[in-house]
Amino acid sequence: MTVRYLKSKSQPPNSAATPQVDVSSVVKGVIDDVRANGDAAVRQYSEKFDRWSPASFKLSQNDIDAALAACSPQTIADIKEVQKNVRAFAQAQRDSIRDFEYEIQPGVHLGQKNLPINSVGAYIPGGRYPLLASAHMTILTAKVAGVPYVVGCTPPIAGQIPHATVAAMHLAGADEIHLLGGVQAIAAMAVGTDTIRKVDFLAGPGNAFVAEGKRQLFGEVGIDLFAGPTEILIVADETADPFTVATDLLSQAEHGPDSPAVLITTSERVGRAAIDIINQLLPNLSTRELAGTSWDRFGEAILVDSLDEAWRLADEYASEHVQIFTKRPREALEKMTAYGALFLGEKTCVSYGDKVIGTNHVLPTKKAARYTGGLWVGKYLRTVTYQEVTSSTASGELGRLCGRAARAEQFEGHARSGDLRAQKYLGDKYDWIASSDQANL
């Protein structure tokens with residue numbers, strides 16, 4: 001594969017003189033403290049990190065009603081419109097998953113059921129931006145899956161209730177809402193306290209501390225994904241509009257100072273023009289400090305000889321979001337295999353997926369798209385199986401097979417379970433049964 005870098009990632013600034021926070025140790029300390037001291041520890045960390053210590057972190061119905069009233073009618077209408085889209089797609093996903101029972105041979109019935117998780121904790125970030133769209137993606141999707149109880153947590157913003165986020169959480173179907181952020185919220189939902197219900201599963205994006213908290217708690221509870229910084233990759237040919245390419249790259253770079261924004265193109269003209277336009281747009285972008293840092297450190301523009309090379313290179317990146325600006329964008333569905341979500345054509349963009357279109361925006365990062373998809377209805381379901389043998393003959397034949405198979409693995413106890421049924425239903429004789437108290441079977 002022949003590639004040329006029109007723009008490469010820069011080396012991060014030398015931070016040797018800056019003390020580095022040991023995220024893992026900090027998070028472990030918070031989790032251990034919440035596990036030992038419950039609500040007292042939760043309050044201590046909320047005061048320390050968010051300067052927030054209300055009489056109760058749980059919002060009352062009056063608090064929720066006040067938050068709804070504080071939102072403009074247009075905001076409420078927009079939340080409902082977006083949630084209609086998310087609900088429709090999530091319901092289509094749910095309808096695609098089915099229970100079944102199959103008679104694999106006469107008298108042997110095997111079945112599958114999809115049971116919703118009993119309780120979910122949804123974390124809705126709010127430190128830098130009020131990410132109310134995350135309420136749709138985590139809470140509403142869980143409810144469509146049939147989860148009976150969803151606990152939602154979101155931090156205050158500058159000591160204030162984020163009214164629109166609370167409205168989105170409530171309208172999405174949260175059964176209780178706590179104004180609580182950070183690792184203390186994740187830990188409280190995972191281990192339970194006197195005032196915060198313990199859940200079985202954690203969902204939702206967050207900063208490095210929240211992500212690490214979910215990683216450390218995984219196993220004690222389930223989690224949706226190990227999430228890293230937001231990523232965008234655009235594949236473009238000579239038909240792409242450089243201004244649109246530049247605008248969309250910056251749309252994701254503004255998520256944070258470490259969000260990779262990558263362009264792979266077969267057109268040097270498109271690539272160089274997009275770089276120039278980014279440099280023109282950045283000074284007038286309100287989020288230029290974050291987007292500019294991200295573009296400088298992690299932005300790339302790569303020239304390849306053909307679209308086939310572009311598809312292969314894009315799969316190596318396995319990016320969270322992949323936009324396709326080519327003459328035949330749906331070709332990517334045939335050629336690509338590793339991505340969190342595809343956005344096909346200039347009329348589509350990652351921002352639609354993030355905010356309004358209906359697909360879930362909680363997606364794999366850091367090349368995790370090689371082995372997993374994103375959050376969806378199925379993540380909230382447990383696919384379980386059941387078995388029933390109603391035929392005596394079938395049970396006896398399975399018993400014979402089980403005896404032979406188990407003894408090949410030197411599992412005598414397993415073998416005897418099979419022997420017992422072979423004797424009961426087929427009349428076989430076994431020395432271990434004849435010499436036991438069950439010889440009168």
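Residues Asp258 and Arg297 are not paired through a salt bridge, judged by the lack of any N-O separation under 4.0 Å between the basic side chain and the carboxylate.
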For a quick test of your reading: what N or O donor-acceptor pairs under 3.5 Å do the side chains of residues 150-160 make, sequence neighbours left out?
from   : atom 1 : to     : atom 2 : distance (Å)
Thr154 : OG1    : Ile124 : O      : 2.7

Would you be so kind as to tabulate the donor-acceptor pairs closer than 3.5 Å made by side chains of residues 197-212, with sequence neighbours excluded?
from   : atom 1 : to     : atom 2 : distance (Å)
Lys198 : NZ     : Ala190 : O      : 2.7
Asp200 : OD2    : Ser119 : N      : 3.4
Asp200 : OD2    : Ser119 : OG     : 3.1
Asn207 : OD1    : Phe209 : N      : 3.0
Asn207 : OD1    : Val210 : N      : 2.9
Glu212 : OE1    : Arg215 : NE     : 2.9
Glu212 : OE2    : Ser24  : OG     : 3.3
Glu212 : OE2    : Arg215 : NE     : 3.3
Glu212 : OE2    : Arg215 : NH2    : 2.7
Glu212 : OE2    : Gln216 : NE2    : 2.8

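Counted within 6.0 Å of CD on Glu334, heavy atoms from surrounding residues, nucleotides or ligands total 12 or fewer; the atom is thus considered open. Counting heavy atoms of neighbouring residues, nucleotides and ligands inside a 6.0 Å radius, atom CD1 of Ile104 does not exceed 12 of them. By the 6.0 Å contact criterion, NZ on Lys28 is open, its count of non-hydrogen atoms from other residues, nucleotides or ligands being 12 or less. The environment of Arg382 atom CZ is dense: over 12 non-hydrogen atoms of other residues, nucleotides or ligands sit within 6.0 angstrom.
Residues satisfying the salt bridge (Lys or Arg N to Asp or Glu O under 4.0 Å) criterion with Asp276, sequence neighbours excluded, are absent altogether. By the salt bridge (Lys or Arg N to Asp or Glu O under 4.0 Å) test, Arg370 pairs with no residue at all, sequence neighbours left out. By the ring pair (Phe, Tyr, Trp, His ring centres under 6.0 Å) test, Phe226 pairs with Phe218, sequence neighbours left out.
In this structure, Asp50 and Gln184 have side chains that are in contact, with non-hydrogen atoms separated by less than 4.5 Å. Two residues are said to be in side-chain contact when any heavy atoms from C-beta on lie closer than 4.5 Å; Ser46 and Leu180 meet this criterion. In this structure, the side chains of His109 and Glu103 come closer than 4.5 Å at one or more pairs of heavy atoms.
Closest non-hydrogen pair, His321 versus Glu231, comes out as ND1-O, 2.7 Å. For the residue pair Thr138 and Tyr380, the shortest heavy atom distance occurs at O-OH, 2.9 Å. When all heavy atoms of Pro329 and Leu344 are compared, the pair lying nearest together is O-CD2, 3.5 Å. Of all heavy-atom pairs spanning Met137 and Leu375, the tightest one is O-CD2, 3.7 Å. In terms of heavy atoms, Gly340 sits closest to Leu363 at O-CD2, 3.6 Å. Residue Ala240 comes nearest to Val270 through the heavy atom pair O-CG2, 3.8 Å, listed as atom of the first residue, atom of the second, then distance.
For the 3.5 Å distance criterion, the side chains of Asp63 and Ser60 qualify, holding a donor opposite an acceptor. In the model, Tyr102 has no side-chain atom that pairs as donor or acceptor with a side-chain atom of Gln112 under 3.5 Å. There is a side-chain donor-acceptor pair under 3.5 Å between Thr239 and Asp237. Defined by atom type and a distance below 3.5 Å, a donor-acceptor pair is present between the side-chain atoms of Asp65 and Gln61.
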Practice item. Give the intermediate values and the outcome of salt bridge (Lys or Arg N to Asp or Glu O under 4.0 Å) for residues Arg43 and Glu47. Key: CA-CA 6 Å; Arg43 185 168 297 280; Glu47 290 174 347; 5.2 Å; no
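No side-chain donor-acceptor contact under 3.5 Å links Tyr317 to the backbone of Ile232. Here the side chain of Ser306 pairs a donor or acceptor atom with the backbone of Glu309 at under 3.5 angstrom. For the pair Glu101 (side chain) and Tyr386 (backbone), a donor-acceptor distance under 3.5 Å is absent.
Sorted by first and then second residue, the ring-ring contact (aromatic ring centres under 6.0 Å, His included) pairs involving residues 157-179 (not counting sequence neighbours) form an empty list.
Distance CZ/Phe57 to CD1/Ile177: 15.5 Å, rounded to 0.5 Å. Atoms CZ and CG, from Arg35 and Leu217 in turn, are 6.5 Å apart once rounded to the nearest 0.5 Å. Atoms CD and CD1, on Glu316 and Ile264 in that order, are 8.5 Å from each other to the nearest 0.5 Å.
Ring geometry for Tyr45 against Phe49 counts as parallel: the plane angle stays under 30°, on a 0 to 90° scale with 60° as the upper cut.
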